[in-house]
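Here the structure is laid out as structure tokens; the discussion comes afterwards.
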Amino acid sequence: MQWTKKNIPLQQLTSGETLNLTVHTIKGHAGPHVHIQSSVHGAEIQGNAVILLLMEKLKSLKLNGSITFIPLANPFGTNNKHGTYTYGRYNPITGHNWNRNYVDIINATKTDLSKFCEEHIDLPWQEIKFKYKQFLADLIDSYIEKLTLENKIQMNNKVNLILQKEAITSDGVLDLHTGPVATRYLYAAEYTEAIAKHLLIPNILVIPHEFGGAMDEASFMPWVHLIEAFKKAGREILCDVEAFTLEYGSEETFSLDDAQADVECILNYLRYKGMLDGEVKKIQGQYSKLANFQTLYSPIAGLVDYKKAPGESYDKGQLLANIYQLQKLDPQNPIESTVTPLYASEAGIIINRFPSSAVHEGVELFQMITNVYHD
Ligand SMILES: [Zn+2]
């Protein structure tokens, strides 16, 4: 197996230093290519433990294919500390979410795919895929070149475009994130719903074929456009290129012990892709459409005693939390005078909760999946 490492200059700082991305690539025998990156949101660091352990495990395995690893994929976000916390989700200068400035390269360049389809309509899928990857690589190169010449690259664009360029010829993209305080879950495009269960993460959010600026969408939308263009030209394509966002628990935590289970998810996906030997496992997924990924905003301010944790399911009418408002405190009846119980309005599974127990009115208290279905 062959390892390579390269540094990509990412951003000059006022004080003169330059932030770099370090990209590691491992190459085995012929096979698919998978791109894995972590910590685009700076506080979401468990993916780095997963990458570390995966690289360790690959030392003794036979790999058919190649993998790119980009740990700490957003150094500016990683380094942005406020007190004891990492302010890594938004760029503090522009306010932009670090995972929302990727591009749908086909739409961004107003590319009409009908000509590509016409020219390649009779080729076997593997050849079409090979040629389309080259087509995409050229497209993003010229797109970046044009923006650079016109001085139109904002900080978030640059990080996102460099990562997207590194990933654009992949057969699989895994963007490793975490929630605030969260269970393990993942986002999968509709056309990859049945593949997602090979990642062995039970909570699966199924996202529509629409572009919202995130890495997973930027990685699968060119293939969705290709599928549609071929469909118009009269050919059905079963696309074997996927992109997933994996949410590995809570932010601000890094655990190699937890990574032991986390890394199995990726090893199994690599087995599914034919890149590693061994039995491919699958689990029964708990699916929810993105439209049923609900946020429960705190109806009042106060101190929260959470009664349901991420990963727990609940029924309609069950107690989710008690919120205490100490300004209402009656010394004759301290608890009853201050407590407001919060009940579930429908059944679901808790995915995320607000990391603090001190909340203002209107904060995102819980995120939950509802209308859950199984395969
Ligand atoms: Zn994230």
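Just so you know, ligand 1 is whichever comes first in the structure, and atom 1 is the first atom listed for that ligand.
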Can you name the N/O/S atom of [X] that is nearest the Zn ion (ligand 1)?
X      : result
His41  : ND1
His177 : ND1
Glu44  : OE1

Kindly write out the residues that satisfy ring pair (Phe, Tyr, Trp, His ring centres under 6.0 Å) with His82, not counting sequence neighbours, or none if the list is empty.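 Once residues adjacent in sequence are excluded, the partners of His82 under the ring pair (Phe, Tyr, Trp, His ring centres under 6.0 Å) criterion are Tyr87.
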What about Ile8 and Phe69, same hydrophobic cluster or not, with Ile/Leu/Val/Met/Phe/Trp/Tyr joined at side-chain heavy-atom distances under 4.5 Å?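 No, no single cluster joins them.
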Tell me whether the Zn ion (ligand 1) has Glu251 as a neighbour, meaning an N, O or S atom of it below 2.8 Å.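 No.
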Modelled atom types, side-chain donor and acceptor of Tyr187 and Glu247, under 3.5 Å: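 Per modelled atom types, Tyr187 and Glu247 side chains form no pair under 3.5 Å.
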Between Tyr306 and Arg353, is there a cation-pi geometry (under 6.0 Å to ring centre, at most 45° from the normal)?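 Ring-cation test returns yes.
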